[in-house]
2 protein chains.
Amino acid sequence: MSVDQTQDGQRPAAGRTRIQERNRAAILEAGLAVFSETGFSGATLDRIAREARLSKPNLLYYFPSKEAVHTALLENLLDAWLAPLRALDPAGEPQQEVLAYVRRKLELARDYPRESRLFANEVLRGAPHLSGVLGGELAALVEEKAAVLEGWMEQGRIARMPAKHLVFSIWALTQHYADFETQVRAVLGEGHDPFAEAGEFLDTLFRRLLVAP
Amino acid sequence: MSVDQTQDGQRPAAGRTRIQERNRAAILEAGLAVFSETGFSGATLDRIAREARLSKPNLLYYFPSKEAVHTALLENLLDAWLAPLRALDPAGEPQQEVLAYVRRKLELARDYPRESRLFANEVLRGAPHLSGVLGGELAALVEEKAAVLEGWMEQGRIARMPAKHLVFSIWALTQHYADFETQVRAVLGEGHDPFAEAGEFLDTLFRRLLVAP
DNA sequence: CCTTGATTTGACCAAGCGGTCAAAGCCACG
DNA sequence: CGTGGCTTTGACCGCTTGGTCAAATCAAGG
């Protein structure tokens with residue numbers, strides 16, 4: 001399941017018939033599966049069309065190009081991806097707010113690993129389809145929340161540290177379990193629940209990191 | 001510069017002439033540049049050959065296929081990549097050993113970002129060319145070092161936590177600065193030295209994480 | 001200088017790619 | 001029931017791709 005298939009950001013969704021809705025959703029679902037598994041270049045329209053149970057020309061009837069499918073997916077993704085950080089409440093209890101953010105971000109990685117990998121693939125390549133958003137919306141949001149965190153630090157409610165790097169550490173640690181799942185499973189061996197263990201471990205880690213000295 | 005260009009793991013390096021040595025090195029260097037930038041599927045032999053200042057058939061005179069170049073790179077990479085963990089000394093002072101490991105791993109990410117991205121790309125795709133190594137050599141090494149860490153925990157010399165996840169957290173946090181450099185720079189804005197700041201931050205983070213309670 | 005083997009290359013190929021197009025099928029509504 | 005627009009498709013196209021091959025070039029020893 002995609003995080004959000006009701007909008008695509010390509011055009012206004014005005015006047016979508018049921019069949020259009022269904023086929024566009026099927027294409028985005030198939031595109032997510034294929035792009036996240038093989039990356040942009042490795043993905044083929046034939047395979048995306050096949051997984052969406054459509055012919056290739058039919059797919060191109062709904063999206064003008066391969067890139068359009070990819071872009072639509074990334075734009076869909078972004079809101080859901082940033083939601084946990086948006087939810088960080090300046091009026092809340094600092095440590096609990098951060099720990100809740102970590103928890104929600106890890107749940108996202110656990111429940112939407114394909115989205116996580118799609119995003120990772122894109123950023124790895126230098127974010128050619130996201131450069132605007134990274135320097136714009138994303139940077140602004142982090143700026144805002146970093147200010148909140150720094151406020152808490154100045155009040156002595158959490159330990160002092162570079163706020164943006166605190167955010168980076170949350171991204172890195174949570175997405176690692178989705179993006180490098182192959183490696184994590186290979187190292188842990190059988191009989192482990194990586195995300196459950198990660199949940200406890202990250203809770204401990206950030207608890208220790210945040211306590212005011 | 002590649003981490004190691006003197007061996008390739010394809011065949012025994014017996015009887016390499018100077019010209020063979022030079023051309024193979026040029027191909028690996030070019031392959032690293034291209035693969036790390038575009039991923040395996042996005043890379044073309046033409047471009048690798050061009051960057052190595054060779055014709056495509058000439059490149060294929062030295063490596064039998066595109067995959068062979070890729071595999072050789074990954075095998076080259078692995079030793080250098082695992083060296084910092086190998087250097088973790090069971091006889092050393094626990095906290096200093098871990099912090100030194102973090103520092104070395106971050107230096108690797110800073111000095112060899114292309115290698116880091118090559119590796120990330122491969123694991124993201126499910127490590128089709130590395131599955132054996134992940135479950136073998138890598139898993140064994142982590143097993144060994146996790147035992148060392150757990151020994152230290154039992155002696156109360158560092159705080160108790162799941163040792164393998166401690167290793168994951170080091171990988172995640174250090175590689176993040178190489179693999180997601182685009183995002184990091186977009187969020188930090190101008191006038192920052194991401195790796196320098198990361199060095200200090202990660203030192204603090206792991207210091208706080210490791211202190212016995 | 002000539003021979004022998006290593007090296008290099010232009011020309012080429014089959015397969016797969018993203019994308020087009022005209023025609024066919026389908027459906028709702030008058 | 002028929003008609004007009006939405007939907008679907010088989011056939012096709014030009015291009016790029018990984019890879020081949022025979023011929024040309026080069027380097028070194030005798």
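In the text below, chain A, chain B and the rest are named by the order of the sequence lines, each starting its count at 1.
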- request: Indicate yes or no: does B:Arg114 engage B:Glu29 in a salt bridge with an N to O separation below 4.0 Å.
  value: yes
- prompt: Hey, what do you get for NZ (B:Lys66) to CG (B:Leu60), rounding to the nearest 0.5 Å?
  reply: 11.5 Å
query: So, are A:Glu143 and A:Lys164 salt-bridged, with charged N and O less than 4.0 Å apart?
result: yes
query: For A:Phe119, which of A:Leu77, A:Asp179, A:Leu124 qualifies under side chain to side chain contact (heavy atoms under 4.5 Å, CB included)?
result: A:Leu77
- prompt: Do B:Glu97 and B:Val148 touch side chain to side chain, with heavy atoms closer than 4.5 Å?
  reply: no
Ring geometry between B:His70 and B:Phe35 (parallel below 30°, tilted from 30 to 60°, perpendicular above 60°): perpendicular
task: Could you encode protein contacts along nucleotides 25-30 of chain C as a string, one character per nucleotide from 5' to 3', using B for base contact, S for sugar-phosphate-only contact and - for no contact, with a heavy-atom cut-off of under 4.0 Å?
output: ------
task: Produce a footprint string for nucleotides 7-18 of chain C: one letter per nucleotide, 5' end first; B if the base is under 4.0 Å from any protein heavy atom, S if only the sugar-phosphate is, - if neither.
output: BBBBB-----SB
message: Check this for me: does any side-chain nitrogen of one of A:Arg103 and A:Glu107 sit under 4.0 Å from a carboxylate oxygen of the other?
response: no
